[in-house]
Protein chains: 2
Amino acid sequence: MDFKQLRYFLAVVEEGSISRAAREIPLAQPALTRQLRLLEESVGATLLERSRHGVSLTAAGSAFHREARRLLREFETAKHDARRIADGQLGQLRLGVTVMHLWVPQIVRLLNQFRQSYPDVSLKVQSLLSAPQVEALRHHQLDAGMLFFPPQDDDQLDSHCLYEDRLVLVVSKGSRLARHPPKTLAELTGEDFIWFERSATPVYHDKLIHAFQRRGFTPHVVQEGTDNATMLCLVAAGMGCTIMPEMTMTGAPEGVVSIALDDLDMVLPLMLVWRRDASLPAVRRLIDVAESLALSR
Amino acid sequence: MDFKQLRYFLAVVEEGSISRAAREIPLAQPALTRQLRLLEESVGATLLERSRHGVSLTAAGSAFHREARRLLREFETAKHDARRIADGQLGQLRLGVTVMHLWVPQIVRLLNQFRQSYPDVSLKVQSLLSAPQVEALRHHQLDAGMLFFPPQDDDQLDSHCLYEDRLVLVVSKGSRLARHPPKTLAELTGEDFIWFERSATPVYHDKLIHAFQRRGFTPHVVQEGTDNATMLCLVAAGMGCTIMPEMTMTGAPEGVVSIALDDLDMVLPLMLVWRRDASLPAVRRLIDVAESLALSR
DNA sequence: CGGCATCCATACAATAAAAGCATGGTAATA
DNA sequence: TATTACCATGCTTTTATTGTATGGATGCCG
C-alpha cells in the first residue's frame with residue numbers, strides 16, 4: 001500500500017475521470033485503473049462509482065478522499081520538518097549557561113542573534129554551574145553549554161572558545177582601595193577577601209588559587225559565596241574585596257568599582273561545549289553564530 | 001515512497017537494530033538496510049544513527065518517527081472508516097419525513113430502532129411534504145424520504161411500503177356526527193368539510209377527491225389547511241369535519257373523534273423512498289430496519 | 001441510424017522495483 | 001585471537017508496476 005496510490009486517487013478525483021487523470025500524471029490508463037482497484041481492495045470498500053462519463057466518489061470514497069489529502073499533506077510536512085531539524089533550523093536546543101553569564105551583554109547578544117537567525121529553534125536555557133553542565137551534556141540532558149574549563153581532550157565533548165575574559169579586582173566605592181587603586185597583587189596583602197566557595201566551582205576556584213600562589217600571594221578570605229551577584233553585594237556592603245571575571249561586572253550593583261591589576265593576567269576562557277557526535281544539528285548552528293559574532297574581547 | 005517503508009522504519013526504531021527488525025518483519029537484513037536508505041533519501045535527512053550495537057534515532061528521526069506512527073495509525077483509521085461507511089455503519093443520512101408522520105409512533109419506533117442499531121450514522125431528519133422530498137431526493141439533497149405516492153416506475157427512485165394507512169372521518173367531540181356516527185360517505189352530504197389545500201399536497205388531494213367522486217360524493221369545503229395539526233384544531237373548534245389518515249390521529253387534540261366509514265376504503269401507503277443507485281449504503285440499512293420492524297398494520 | 005469519440009476493463013508483454021543471497025568490514029566480547 | 005553481532009555492498013532472482021493492444025458500452029453528431 002502506497003502513497004503513490006493515494007496520489008493517483010487524488011488525481012482521479014480531481015479530474016473526475018481515470019483516463020484524464022492518467023494523461024495528467026502521466027500514466028497509462030490501465031495502470032491507473034489497476035492501481036485504483038488495488039487501493040480499493042486494500043481499503044476494503046468501493047471508493048469510486050464508475051460510469052460512462054467518468055468516475056464519481058461514493059460516500060466512503062468521499063470521506064477517504066478527505067483523509068488521503070490530509071495524510072499526504074501531513075506526510076510532506078513531516079518530511080520537511082525532518083529536513084529542517086537535520087539542518088538545525090527547527091527543534092529544541094537545551095543550553096546550559098552559568099548564572100554568572102546570563103547577564104553578560106556578549107552572551108545576551110549571542111542568544112538574541114541565534115533566536116533571530118533560527119526562530120524555529122526553541123532555546124531552553126538552563127542556568128547551571130560548569131561542572132553540572134558537563135555532566136548534563138554527557139547524559140544527553142543538555143545539548144550545549146557555556147562554561148569555564150571544560151575537560152581537556154575529552155573523547156565525547158568538543159568545545160569552542162567564545163570569549164577570553166580577564167580577572168579584575170572589585171572593591172567597594174568608598175573604600176581606601178578605591179581611592180588609591182593598587183597595581184599589583186602584592187599590594188593586597190592583608191586585605192579582606194570575599195571568595196568563591198570551592199564546592200560550587202572547584203576548577204575555577206583551584207585555578208584562581210593556583211594563579212595567585214604562583215605570584216606568591218595568598219588572599220585572606222573572610223567570607224565565601226556561591227554566586228557572583230551575592231558576592232558583589234557583599235563587596236558593596238564593605239565586607240571586603242574580591243576577584244571577578246571582568247564580564248560579570250556589567251550587572252554589578254552601584255557601590256562597587258573594578259580595578260585592573262598588572263600582574264593579574266590569568267585568562268578565563270568562556271567555552272561553548274557540546275557533544276562531539278553533533279547529535280543535535282541546531283548545536284552546529286549555535287556554534288556558527290558564535291563564530292560569526294566573534295565575541296573575542 | 002511507501003507506507004511499507006514507514007512500517008519498516010517503525011520496526012527498526014522499536015527493535016533498535018536493523019538486523020533484529022529484519023528478523024521480526026521478516027525480511028533479509030540488506031533489503032531493510034536499503035529501504036531505510038531509500039526512506040532517508042526521500043525524506044532528505046538522516047533519520048538513524050548507525051553504530052556497532054544497532055541504530056538510534058537522530059533528532060530528525062525522532063520527530064519523523066512520531067509523525068510516521070501517527071500517519072500510519074490515521075491511515076488505518078481512514079481505511080476502517082471508509083469500510084464502515086461503505087457498509088452503512090458510519091456517516092450521515094439525510095431523511096425526509098412529512099410533518100404529519102413525525103409524531104406517528106410507528107415512525108418514531110423505526111427511527112429509534114435505526115439509531116440504536118447504527119449509532120454512528122447521524123440521522124438528519126428534515127420535515128418536508130411529499131413532493132419536495134421527491135425533488136430533494138433527485139437533487140441528492142436527501143438520501144431517503146418517507147412520503148405518500150412516490151412517482152411510479154421511476155428510473156431513479158425506488159421505494160418500499162412502510163405502512164398502509166386508511167382514512168377516517170374526524171369530527172368534533174360534541175357534534176351531532178359524534179353522537180350519531182355515520183356509516184357511509186353518503187350520510188355526510190351537506191356537512192361542512194375542512195380540506196387539505198391542493199397546492200400543499202396535490203397528489204394526495206387529487207387521489208382523495210377522485211376516490212370520493214367515485215362514490216358519488218362531493219364534499220362541501222368551508223375551509224382549507226396546509227397541515228393536519230391546524231386542520232384538526234379547526235375540527236376541534238367546530239368549524240366542520242375532515243378526512244385524515246388514521247395514523248396521524250395519535251397526536252390529535254382533545255376535542256376530536258375519529259370515525260371509520262364502511263365505504264371509505266382508500267388505502268394510503270406510506271412509502272420509504274430512495275435513489276435506486278443506492279448511493280448511500282446507510283439507506284440500505286434503513287430499509288433493512290424498516291423491513292425487520294414490519295410496520296404493516 | 002451508424003460511424004466516431006470517449007469512457008472503463010482486461011490480457012499479456014516489458015520494465016522497474018524490491019527482496020534474497022553471499023560477502024565484507026568493524027568493533028565489542030570472551 | 002577467535003567469535004559474534006552489527007551494518008554495508010554487489011549481484012541475482014523474484015515480485016510489482018507499467019505499457020500496449022484490445023474489447024465492450026454509451027453518448028454525440030452528421
Side-chain angles (χ1 to χ4, degrees), chain A residues 1-43 45-58 60-62 64-65 68 72 155-156 275-277 279, chain B residues 1-43 45-58 60-62 64-65 68 72 155-156 276-279:
Chain A
M1 162 60 54
D2 212 337
F3 277 109
K4 196 164 44 175
Q5 291 181 344
L6 293 188
R7 275 188 269 269
Y8 289 172
F9 176 59
L10 293 197
V12 168
V13 171
E14 193 166 328
E15 294 291 329
S17 148
I18 298 180
S19 311
R20 238 176 309 148
R23 279 194 293 275
E24 283 295 316
I25 289 176
L27 195 71
Q29 171 260 315
L32 188 50
T33 293
R34 187 157 177 63
Q35 288 306 315
L36 289 175
R37 184 164 301 284
L38 287 174
L39 175 64
E40 288 182 321
E41 271 170 27
S42 128
V43 169
T46 303
L47 303 175
L48 295 167
E49 187 109 344
R50 278 80 166 170
S51 75
R52 346 286 167 250
H53 24 278
V55 292
S56 58
L57 285 168
T58 63
S62 180
F64 189 77
H65 176 246
L72 278 172
D155 61 338
Q156 280 191 73
R275 280 188 303 283
R276 188 185 303 278
D277 63 15
S279 52
Chain B
M1 164 59 53
D2 212 337
F3 276 110
K4 198 164 42 175
Q5 291 181 344
L6 293 188
R7 275 188 267 270
Y8 289 172
F9 176 59
L10 293 197
V12 167
V13 171
E14 193 166 329
E15 295 292 329
S17 147
I18 297 180
S19 311
R20 238 176 308 149
R23 280 194 293 275
E24 283 293 318
I25 290 177
L27 194 72
Q29 170 261 315
L32 187 50
T33 293
R34 229 161 322 127
Q35 288 306 315
L36 290 174
R37 185 164 300 286
L38 287 174
L39 176 64
E40 289 182 321
E41 271 171 27
S42 128
V43 169
T46 303
L47 302 175
L48 293 166
E49 188 108 342
R50 278 82 166 167
S51 76
R52 331 292 159 251
H53 33 278
V55 293
S56 58
L57 286 168
T58 63
S62 179
F64 190 77
H65 175 246
L72 278 172
D155 62 336
Q156 279 192 73
R276 188 184 302 278
D277 62 15
S279 52

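- If you take CG on A:D2 and CZ on A:R7, they are separated by 8.0 Å, rounding to the nearest 0.5 Å.
- Contacts between residues 16-26 of chain A and DNA chain D, defined by a heavy-atom separation under 4.0 Å, are absent.
- Rounded to whole Å, the distance from CG on B:D2 to P on C:dA17 is 12 Å.
- When heavy atoms are screened at a 4.0 angstrom cut-off, B:R37 is found touching the sugar-phosphate backbone but no base atom.
- Under the salt bridge (Lys or Arg N to Asp or Glu O under 4.0 Å) criterion, A:R50 pairs with A:E40, not counting sequence neighbours.
- Contact between the side-chain N/O atoms of A:Y8 and the OP1/OP2 oxygens of D:dT17 is not found at any separation under 4.0 Å.
- Proximity of A:T33 to A:Q29: side-chain heavy atoms (C-beta onward) are separated by under 4.5 Å at one or more points.
- Closest non-hydrogen pair, B:G61 versus B:T58, comes out as N-OG1, 2.9 Å.
- For B:R34 against D:dA8, a side-chain-to-base donor-acceptor contact under 3.5 Å is absent.
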Protein heavy-atom contacts under 4.0 Å, written 5' to 3' over nucleotides 22-30 of chain D as B (base), S (sugar-phosphate only) or - (none), form the string ----S----

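- For B:Q5 and C:dA19, the CD to C1' distance is 13 Å, given to the nearest whole Å.
- Between the P atom of D:dC6 and the CG atom of B:L36 lies a distance of 15 Å, rounded to the nearest Å.
- For the pair B:T33 and D:dC7, the criterion of a side-chain N or O lying under 4.0 Å from OP1 or OP2 is not met.
- Within 4.0 Å (heavy atoms only), B:L27 reaches sugar-phosphate atoms of the nucleic acid but no base atom.
- Atom CG of A:L57 is separated from atom CG of A:L48 by 6.0 Å, given to the nearest 0.5 angstrom.
- To the nearest angstrom, C1' of C:dG20 lies 13 Å from CD of B:Q35.
- Atom P of nucleotide D:dT18 and atom CG of A:L38 are separated by 9 Å, given to the nearest angstrom.
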Output a table of donor-acceptor pairs, distance under 3.5 Å, between side-chain atoms of residues 8-26 of chain A and any protein atom two or more places apart or on a different chain; print 'none' if there are none.
from  : atom 1 : to    : atom 2 : distance (Å)
A:S17 : OG     : A:S19 : N      : 3.3
A:S17 : OG     : A:R20 : N      : 3.0
A:R20 : NH1    : A:E15 : O      : 3.0

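- Remark: A:S56 engages A:E49 in a side-chain contact (heavy atoms from CB on, under 4.5 Å) (not counting sequence neighbours).
- Every residue two or more places apart in sequence or in another chain that forms a side-chain contact (heavy atoms from CB on, under 4.5 Å) with B:P30 is listed here: B:A28, B:R34.
- At the phosphate of C:dA16, neither OP1 nor OP2 sits under 4.0 Å from any side-chain N or O atom of A:K4.
- Rounded to whole Å, the distance from CD on A:E41 to C1' on D:dA16 is 14 Å.
- Closest heavy-atom contact between B:T46 and B:A60: O-CB, 4.1 Å.
- Between the CZ atom of B:R7 and the P atom of C:dA18 there is a distance of 14 Å, given to the nearest Å.
- In this entry the distance linking CG of B:L32 with P of D:dC6 reads 13 Å, nearest Å.
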